[in-house]
There are 2 protein chains.
Amino acid sequence: MGKKVFYPKNFQLVRMEEQCHVFWIIEKGIARYIYQEGERELTGWFDMEGDIVGSVYCLLGIGGARENIQLLEDSELIEIQLTDLRQDEAFFQNFKMKVLAHYFIEMENRLKFFQALDGKGRYLYILENKPQLLQRVPLHLIATFLGLTPESLSRIRSSIS
Amino acid sequence: MGKKVFYPKNFQLVRMEEQCHVFWIIEKGIARYIYQEGERELTGWFDMEGDIVGSVYCLLGIGGARENIQLLEDSELIEIQLTDLRQDEAFFQNFKMKVLAHYFIEMENRLKFFQALDGKGRYLYILENKPQLLQRVPLHLIATFLGLTPESLSRIRSSIS
DNA sequence: TTGCCTTCTTACCAAATGATAAGGCATGAT
DNA sequence: ATCATGCCTTATCATTTGGTAAGAAGGCAA
């Protein structure tokens with residue numbers, strides 16, 4: 001189920017507002033969820049090896065994607081067509097539930113992350129729990145995830161070490 | 001399906017870490033989702049008339065509640081036992097999916113809300129989109145939702161009018 | 001090589017927010 | 001009535017963050 005594909009750095013997996021019928025599992029690489037908020041580009045999250053990537057809105061069948069999803073590295077992915085999953089309706093329902101539950105839990109944690117922590121606290125959390133991100137993702141993109149300007153992130157980093 | 005119940009102000013619908021097998025629909029009143037973050041109490045959200053209230057973790061059957069849920073007013077609720085819903089497994093699965101999808105969308109919006117807006121922006125958003133909240137919920141509790149101190153919220157309010 | 005671009009940092013100042021303290025003003029209990 | 005309590009505001013000062021500008025370091029192409 002699903003076939004291995006190779007896409008280059010900067011390849012766009014999902015385009016905002018468009019329907020999409022594909023999900024991916026990352027074998028190697030990083031994907032970035034990009035939300036357009038007025039002028040600014042926010043990063044919703046970075047997915048890495050072992051993570052499932054795709055637009056939940058498309059999975060739920062409630063409209064086009066809310067985000068752009070792009071690769072930050074040359075990547076190896078398992079590409080899964082949703083129409084294949086639908087062959088077995090019970091399996092598909094179960095898959096949807098699992099994916100949705102996973103995203104829900106992630107979202108809930110991230111929400112507390114923003115509500116409870118200031119910039120320094122958020123950076124330290126990533127430093128302790130997702131240090132690979134800081135190795136592989138440019139800091140100005142990390143900043144768009146943390147809700148900080150690159151300058152503020154730089155200041156926070158220098159205040160620590 | 002479900003029976004009407006009346007609970008007083010400050011009644012606790014859901015207790016953190018405990019299993020729960022009940023959901024509610026609010027006919028009249030307000031419920032507050034409370035997350036304990038170290039010393040602080042955060043407000044996840046306020047549910048009002050027409051909203052479904054309950055712990056998603058319990059609904060998913062993946063453990064006890066992550067939050068306390070309390071009523072801020074004397075309230076009328078429709079109380080729904082999950083065991084009743086389970087009588088019809090297909091219906092229950094559909095119910096779970098609907099509730100989960102609803103919460104997911106709410107979470108995603110709230111996440112952008114925190115990532116993209118500063119305190120003033122967040123207050124203005126509530127002022128325009130959920131003005132009833134500001135009428136019915138004490139401002140210091142609104143502040144715990146907005147991720148601000150009551151003093152900062154007060155300052156923001158006075159800077160507007 | 002040179003020049004351009006991206007990434008990251010630093011410096012400076014303005015604005016936003018937190019922390020602490022204090023006071024006003026209701027409401028409810030005794 | 002008196003008192004306590006909760007809610008809200010205001011004031012002051014320290015800290016954090018944003019905005020702007022500038023520059024250093026490295027990669028990449030011509």
Side-chain angles (χ1 to χ4, degrees), chain A residues 8-12 30 32 34 37-43 46 70-74 111-127 130-161, chain B residues 8-12 30 32 34 37-43 46 70-74 111-127 130-161:
Chain A
K9 177 173 173 173
N10 294 326
F11 184 81
Q12 183 146 359
I30 303 189
R32 173 179 175 229
I34 306 168
E37 279 295 306
E39 302 292 300
R40 287 163 66 198
E41 271 190 354
L42 299 184
T43 297
F46 304 98
Q70 287 178 358
L71 296 174
L72 297 183
E73 301 175 351
D74 297 338
L111 208 42
K112 279 194 281 185
F113 174 80
F114 280 104
Q115 228 174 346
L117 302 178
D118 62 4
K120 187 170 187 171
R122 299 201 290 275
Y123 174 73
L124 287 175
Y125 183 88
I126 296 299
L127 186 60
K130 293 282 178 182
Q132 324 94 299
L133 276 186
L134 301 178
Q135 311 294 331
R136 296 167 65 182
V137 177
L139 287 171
H140 70 276
L141 295 184
I142 298 280
T144 66
F145 165 69
L146 293 176
L148 295 170
T149 60
E151 295 84 357
S152 291
L153 176 56
S154 192
R155 201 165 24 197
I156 287 167
R157 282 163 53 81
S158 74
S159 80
I160 288 170
S161 54
Chain B
K9 177 173 173 173
N10 294 327
F11 184 81
Q12 184 147 0
I30 303 189
R32 174 181 174 227
I34 306 169
E37 278 297 305
E39 301 291 302
R40 287 163 65 198
E41 271 190 354
L42 299 184
T43 297
F46 303 98
Q70 289 178 357
L71 296 175
L72 297 182
E73 301 176 350
D74 297 338
L111 208 41
K112 279 194 281 187
F113 174 81
F114 280 103
Q115 230 175 343
L117 303 178
D118 62 2
K120 187 170 185 170
R122 298 201 291 275
Y123 174 72
L124 287 174
Y125 183 88
I126 296 299
L127 186 61
K130 293 283 178 180
Q132 324 94 297
L133 276 187
L134 300 177
Q135 310 294 330
R136 294 167 66 182
V137 178
L139 287 172
H140 70 276
L141 294 184
I142 298 280
T144 67
F145 166 69
L146 293 176
L148 294 171
T149 60
E151 294 84 357
S152 291
L153 176 54
S154 192
R155 204 165 22 199
I156 288 167
R157 283 163 51 82
S158 73
S159 80
I160 290 168
S161 51

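Just so we're on the same page: letters track the sequence lines, and every chain starts at 1. Please read all numbers here as calculations on a predicted model, not as lab measurements.
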Student: If you look at every heavy atom in B:Q115 and A:T144, which pair is closest and at what distance?
Tutor: NE2-O, 3.6 Å
Student: Does C:dC8 have OP1 or OP2 under 4.0 Å away from a side-chain N or O of A:H140?
Tutor: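 Affirmative; the distance criterion is met.
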Student: Within the structure shown, what part of the strands sits under 4.0 Å from B:L153 by heavy-atom distance: base, sugar-phosphate, or nothing?
Tutor: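 If one applies the 4.0 Å heavy-atom cut-off, B:L153 turns out to touch nothing in the nucleic acid.
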Student: B:S152 vs B:R155, test: side-chain hydrogen bond (donor to acceptor under 3.5 Å, both in side chains). Steps then yes/no.
Tutor: CA-CA 5 Å; B:S152 291; B:R155 204 165 22 199; 3.0 Å; yes
Student: B:I156 has an atom CD1; how far is it from atom P of D:dT9, in whole Å?
Tutor: 12 Å
Student: Given atom CG of B:L124 and atom P of C:dA16, what is their separation to the nearest angstrom?
Tutor: 12 Å
Student: Report which part of the nucleic acid A:S154 touches: base, sugar-phosphate, or nothing (heavy-atom distance under 4.0 Å, all strands).
Tutor: base
Student: Using whole Å, what does the distance between atom P of nucleotide D:dT16 and atom CD of A:E151 come to?
Tutor: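 Distance, rounded to whole Å: 17 Å.
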Student: Looking at A:T149, I'd like to know whether one of its side-chain N or O atoms comes within less than 4.0 Å of OP1 or OP2 on D:dT17.
Tutor: no
Student: For a quick check of understanding: with a heavy-atom distance under 4.0 Å over all strands, which category does A:G147 fall into, base, sugar-phosphate or nothing?
Tutor: sugar-phosphate
Student: A:F46 vs A:L141, test: side chain to side chain contact (heavy atoms under 4.5 Å, CB included). Steps then yes/no.
Tutor: CA-CA 10 Å; A:F46 304 98; A:L141 295 184; 4.3 Å; yes
Student: Report which part of the nucleic acid A:R155 touches: base, sugar-phosphate, or nothing (heavy-atom distance under 4.0 Å, all strands).
Tutor: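 Base contact.
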Student: Report yes if at least one side-chain N or O of A:R157 is closer than 4.0 Å to OP1 or OP2 of C:dT9; otherwise report no.
Tutor: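 So the side-chain polar atoms of A:R157 do come within 4.0 Å of the phosphate oxygens OP1 or OP2 of C:dT9, strictly under.
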Student: Between A:F113 and A:F145, what is the ring plane arrangement, given parallel below 30°, perpendicular above 60°, and tilted in between?
Tutor: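 Aromatic pair A:F113/A:F145 classed parallel.
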